[in-house]
Every structure is written in C-alpha cells, then in structure tokens.
Amino acid sequence: MGAKAKKALKTKLKKVAAASQAAEKKAAATTADFLPLEGGKERKIPEGKQAEGSTAKATVLYIGRIPHGFYESEMEAYFSQFGKIKRLRVARNRKTGKSKHYGFLQFEDPEVAAIVADCMHNYLLFEHLVQVHLIPQEQVHPKLWRGYFKYRPVDRVLIQRKRQNKERTLDEHKKLVQKITKQSKKRQRTIEAAGLDYVCPEIVGEVLKAPKKIKFAED
C-alpha cells in the first residue's frame, strides 16, 4: 500500500469515528426509557419484535440471579417504570426468610413483558447478569402465586428472650445450673493457668439438696 493510499485510509477512518461519536451524542441527548440502578448510561427500549406463538400473550417473567438486597420493594420500584405490575414474588426460604435469588413478575400488558424480557436479559445489575425469560401461559404453574407469604424479618432477640425467660421445671433448672457451674469451673482453671489471681464469684440460685433430717429449735 502506497503513502497516498495509507493517507486516504486514515482520513476515511477519522470520518467514520467522528460520525459514530456524533451519533452517540445524539442518542444520549434523547430521553431514556429507563434508568439503570448503578449510574450507567441511560437506555432506550429497542423497537420491539412482535412475539410469536404461545409467548404472544405471556405476561409472567422468570427473573434469575437476583442480587442480594434487590428484593420485593426494590424490584417493584425498578420494574414499574416499564409498566403496571400485577403480581411480584421473590422465592424465599420458609424457615429463614432468606432470598433464593430468583423470582417471578407479572405485568398486565403482554407487550410490556416482552419488552422487559428483551431489555433486561443478561443486564449487569450489582455485578450479576440478571436472567429474564418469558414463561408461556401453558407453562405457568397453577400454584405459582398460591400460598405466597409476605416476608417479615425474624426477631431473634425476642426468640432468645422467650427461650431464656420460659418457666422451667426443677429438673430443667438443675441441668441449667450444672451447665453454668461447669463453665464457671473451666473459666477458673483458664484464669489460674494464665497466672492471674482472680476468683470467679459464686453462682446465685444454685439448687442444693434438701437435708435428710430437719432439726427444730427447742423451746
């Protein structure tokens, strides 16, 4: 390639780069359809492709790889900018209430559901590539929304308080005192092994054996 050809190629590349930059600036100037959570570039919803087959009327979405902290209220606030949400469910552990990092979302309009599936699939959200798929109507489980419970944080302080303050039988109380006494003796041995001159205070409430005979004072 000669010097003139190289110069012409460089000029052409500069023009193409300038045109692409101008197109990006013009696109950024337009109003965005939805805003990302992490301060990224505003995004426009692509001109939708018409859904085909059984997904044409699908309104339920499967959402996988949900990041920690992105729960019901956050999902509702974010996805409501696309359209009206009918139902929302995050799969949770029934014992602990912790998220299983997947859930289901239902829009009232099937076109909105198709657009969300197209825009949000493999979208980077809090270092997670969110997986969003349309579920055809015939594949939606009839019990999907049944038995849904609203998550309430577990008050573990209240649970421990009730456990400690419960009424105990005499045998339960004896076992509790024996356990505390054993721990106290072990602590005392550790202190003595460290060369410290300290005596642990006596345990209050120790259950003593009843005397075999009770002597009454003479009048």
Side-chain angles (χ1 to χ4, degrees), residues 35-40 60-80 85 87-106 120 122-133 141-219:
L35 303 174
L37 292 179
E38 296 186 302
V60 180
L61 294 170
Y62 164 82
I63 304 175
R65 290 187 56 80
I66 298 174
H68 175 69
F70 193 60
Y71 301 140
E72 288 89 349
S73 57
E74 292 82 5
M75 288 178 65
E76 184 176 5
Y78 183 69
F79 284 102
S80 59
I85 296 173
R87 283 180 288 195
L88 170 67
R89 178 174 189 174
V90 175
R92 290 183 178 275
N93 187 305
R94 286 190 174 273
K95 290 185 179 179
T96 63
K98 292 183 179 180
S99 170
K100 293 183 179 180
H101 303 288
Y102 72 91
F104 302 93
L105 183 68
Q106 184 178 17
M120 296 302 298
N122 283 331
Y123 182 71
L124 184 62
L125 185 65
F126 298 113
E127 300 181 359
H128 286 252
L129 287 175
V130 181
Q131 304 297 303
V132 183
H133 300 285
H141 199 280
K143 294 183 180 180
L144 176 62
W145 308 105
R146 190 180 300 175
Y148 171 66
F149 68 100
K150 188 175 181 180
Y151 169 65
R152 294 180 181 178
V154 180
D155 191 350
R156 302 194 181 278
V157 176
L158 180 61
I159 293 173
Q160 290 294 333
R161 186 184 296 121
K162 288 182 178 180
R163 185 179 298 172
Q164 293 293 332
N165 296 339
K166 72 175 183 178
E167 294 183 2
R168 294 182 174 85
T169 62
L170 186 60
D171 291 337
E172 290 176 345
H173 184 69
K174 285 181 179 179
K175 288 181 181 179
L176 179 62
V177 172
Q178 288 174 0
K179 182 180 178 181
I180 296 173
T181 306
K182 186 177 179 180
Q183 291 175 350
S184 179
K185 289 179 179 178
K186 184 179 178 181
R187 188 183 303 112
Q188 184 65 40
R189 288 194 298 268
T190 305
I191 292 171
E192 291 175 356
L196 301 175
D197 186 14
Y198 177 79
V199 179
C200 295
E202 295 181 0
I203 298 172
V204 180
E206 185 176 357
V207 179
L208 302 176
K209 293 182 179 180
K212 294 181 179 179
K213 294 182 181 180
I214 299 175
K215 294 182 179 181
F216 294 95
E218 296 180 357
D219 295 335

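Please read these numbers as outputs of a predicted model, since none were measured by experiment.
The minimum heavy-atom distance linking Lys166 with Arg163 is given by the pair CG-O, 3.4 Å. Taking all atoms of both residues into account, the shortest heavy-atom contact from Pro67 to His128 is CB-CD2, 3.8 Å.
Applying the side-chain contact (heavy atoms from CB on, under 4.5 Å) test between Phe79 and each of Leu88, Leu61, Ile85 identifies Ile85 as the sole match.
The side chain to side chain donor-acceptor pair (under 3.5 Å) test applied to His141 returns no partner, not counting sequence neighbours. Qualifying side chain to side chain contact (heavy atoms under 4.5 Å, CB included) partners for Gln178, counting only residues two or more places apart in sequence or in other chains: none. Scored by the side chain to side chain contact (heavy atoms under 4.5 Å, CB included) test, Ile191 finds Arg187, Leu196, Tyr198, Cys200 as partners (sequence neighbours excluded). With sequence neighbours left out, His101 forms a ring pair (Phe, Tyr, Trp, His ring centres under 6.0 Å) with no residue at all. Legend: residues meeting side chain to side chain contact (heavy atoms under 4.5 Å, CB included) with Thr190, ordered by chain and number and at least two apart, are absent. Partners of Arg189 under the side chain to side chain contact (heavy atoms under 4.5 Å, CB included) rule, at least two apart in sequence or in another chain, are Lys185, Lys186.
Listed for the Glu172 side chain is a donor-acceptor partner under 3.5 Å among the backbone atoms of Thr169. A donor-acceptor pair is defined here as one N or O able to donate and one able to accept, closer than 3.5 Å; no such pair exists between the side chain of Ser184 and the backbone of Ile180. Between the Gln160 side chain and the Leu158 main chain, no donor and acceptor come within less than 3.5 Å of each other.
Residue Lys100 qualifies as enclosed at atom NZ: its count of foreign heavy atoms under 6.0 Å is above 12.
Side chains of Leu105 and Val60 form no contact here, defined as non-hydrogen atoms less than 4.5 Å apart. For the pair Val177 and Lys179, the minimum side-chain heavy-atom distance is 4.5 Å or more. The side-chain heavy atoms of Arg89 and Tyr102, taken from C-beta on, include no pair separated by under 4.5 Å.
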- Message: side-chain contact (heavy atoms from CB on, under 4.5 Å) for Met75 and Val90? Distances and angles first, verdict last.
- Response: CA-CA 9 Å; Met75 288 178 65; Val90 175; 3.7 Å; yes
- Step by step, would you call Ile66 with Val130 a side-chain contact (heavy atoms from CB on, under 4.5 Å)? CA-CA 6 Å; Ile66 298 174; Val130 181; 5.7 Å; no
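Geometrically, Arg65 does not engage Phe126 in a cation-pi contact defined by less than 6.0 Å to the ring centre and at most 45° from the axis.
Relative orientation of the Phe104 and Trp145 rings is perpendicular, given thresholds of 30° and 60° on the angle between their planes.
Here CZ of Arg168 is found 15.5 Å from NZ of Lys174. Values are rounded to the nearest 0.5 Å.
Using a cutoff of 4.0 Å between basic side-chain nitrogens and carboxylate oxygens, Arg92 and Glu72 are scored as salt-bridged.
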